Amino acid sequence: MEAQHKGEEFWGGNVKYVGLLHERLRINAIGKFWHKHMAFSSKREFRLRISLSFAEEFGVTVPEQRIRAPFDFDMLVDRIFLDPSLEPQDVQLTRKSAEMASLGDRVRVSSLLGTPRYT
């Protein structure tokens, strides 16, 4: 029998774009999830996050690969950006998946004006 717990917190918010060429982020791994390099600011990204660490503390079995949560793609997805260096088979798979979700018209290839930076 699995322990009972109140549930997990769900976070949503805009990504904060910072000049990582001039500024070093001094934040934890969770904080890094909400930050990207200024070169990608044109994407105006919104992210969603859920952590299951609280559930694990209560002995709830957490899937290793992923969790599934229903949501409305049409409402949450404005555009889907593809890396210009993505392999053709991955582009095709992504476009096919987007079409299946009626989001095919939202797929764009990123200009990738900057080099990705990780801190």
Side-chain angles (χ1 to χ4, degrees):
M1 184 168 99
E2 290 187 348
Q4 296 296 313
H5 71 289
K6 294 180 181 179
E8 299 299 325
E9 287 189 54
F10 185 73
W11 294 276
N14 295 317
V15 169
K16 180 178 179 184
Y17 297 94
V18 293
L20 294 176
L21 296 175
H22 308 287
E23 179 181 349
R24 182 168 179 83
L25 295 180
R26 301 204 185 282
I27 54 179
N28 62 22
I30 293 171
K32 288 181 182 183
F33 180 78
W34 302 105
H35 291 79
K36 280 180 96 169
H37 184 47
M38 188 64 69
F40 305 101
S41 63
S42 65
K43 295 182 181 181
R44 298 185 327 259
E45 191 173 341
F46 182 86
R47 290 187 173 181
L48 301 172
R49 179 182 177 275
I50 187 169
S51 169
L52 298 178
S53 58
F54 191 63
E56 287 180 308
E57 289 180 22
F58 279 83
V60 174
T61 303
V62 175
E64 286 185 36
Q65 297 297 319
R66 71 187 109 198
I67 61 169
R68 296 187 181 271
F71 63 92
D72 183 349
F73 281 109
D74 189 50
M75 184 176 83
L76 291 177
V77 178
D78 182 49
R79 280 173 277 178
I80 300 168
F81 286 99
L82 303 178
D83 184 316
S85 65
L86 201 60
E87 295 293 330
Q89 65 270 19
D90 294 327
V91 170
Q92 184 179 13
L93 179 63
T94 303
R95 287 188 183 278
K96 182 179 178 183
S97 297
E99 288 291 336
M100 290 173 57
S102 299
L103 301 173
D105 61 331
R106 300 178 195 191
V107 177
R108 307 280 188 278
V109 175
S110 173
S111 62
L112 202 59
L113 296 175
T115 302
R117 295 187 54 87
Y118 305 94
T119 59

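Treat the numbers as computed from the prediction; the structure is a model and nothing was measured. Along the sequence shown, residues carry numbers from 1.
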List the atom of [X], the atom of [Y], and the distance in Å for their closest heavy-atom pair.
{"X": "L20", "Y": "H37", "result": "N-ND1, 3.1 Å"}
{"X": "I80", "Y": "V77", "result": "CG1-CG1, 3.7 Å"}
{"X": "K32", "Y": "I27", "result": "N-CD1, 3.5 Å"}
{"X": "R95", "Y": "V109", "result": "NH2-CG2, 3.9 Å"}
{"X": "F40", "Y": "Y17", "result": "O-CE2, 3.3 Å"}

Exercise. Got a sec, which residues hit salt bridge (charged side-chain N to carboxylate O under 4.0 Å, His left out) with R47, two or more places apart in sequence or on another chain?
Worked result: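 With sequence neighbours excluded, R47 shows a salt bridge (charged side-chain N to carboxylate O under 4.0 Å, His left out) to E45, given in chain and number order.
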For this session: Measure the OG-NZ distance between S41 and K16 for me, rounded to the nearest 0.5 Å.
Result: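 S41 atom OG to K16 atom NZ measures 13.5 Å (nearest 0.5 Å).
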Exercise. How many angstroms lie between CZ in R108 and CG in D105, if you round to the nearest 0.5 Å?
Worked result: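 One finds 7.0 Å between CZ of R108 and CG of D105.
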Exercise. Between R24 (side chain) and L21 (backbone), is there a donor-acceptor pair under 3.5 Å?
Worked result: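 Checked: no pair found.
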Problem set entry | Test log, rule side chain to side chain contact (heavy atoms under 4.5 Å, CB included), inputs M38 and H22 | CA-CA 11 Å; M38 188 64 69; H22 308 287; over 6 Å; no
For this session: For F46, enumerate each residue passing the side-chain contact (heavy atoms from CB on, under 4.5 Å) test, keeping only those at least two apart in sequence or located in another chain.
Result: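 For F46, the residues satisfying side-chain contact (heavy atoms from CB on, under 4.5 Å) (neighbours in sequence not counted) are N14, L48.
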Exercise. What pairs with D74 under side chain to side chain donor-acceptor pair (under 3.5 Å), at least two apart in sequence or on another chain?
Worked result: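 Scan of D74 (side chain to side chain donor-acceptor pair (under 3.5 Å), adjacent residues dropped) gives R106.
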For this session: Consider only side-chain heavy atoms of I, L, V, M, F, W and Y, link residues closer than 4.5 Å, and tell whether L103 and M100 are in one cluster.
Result: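 Hydrophobic grouping puts L103 apart from M100.
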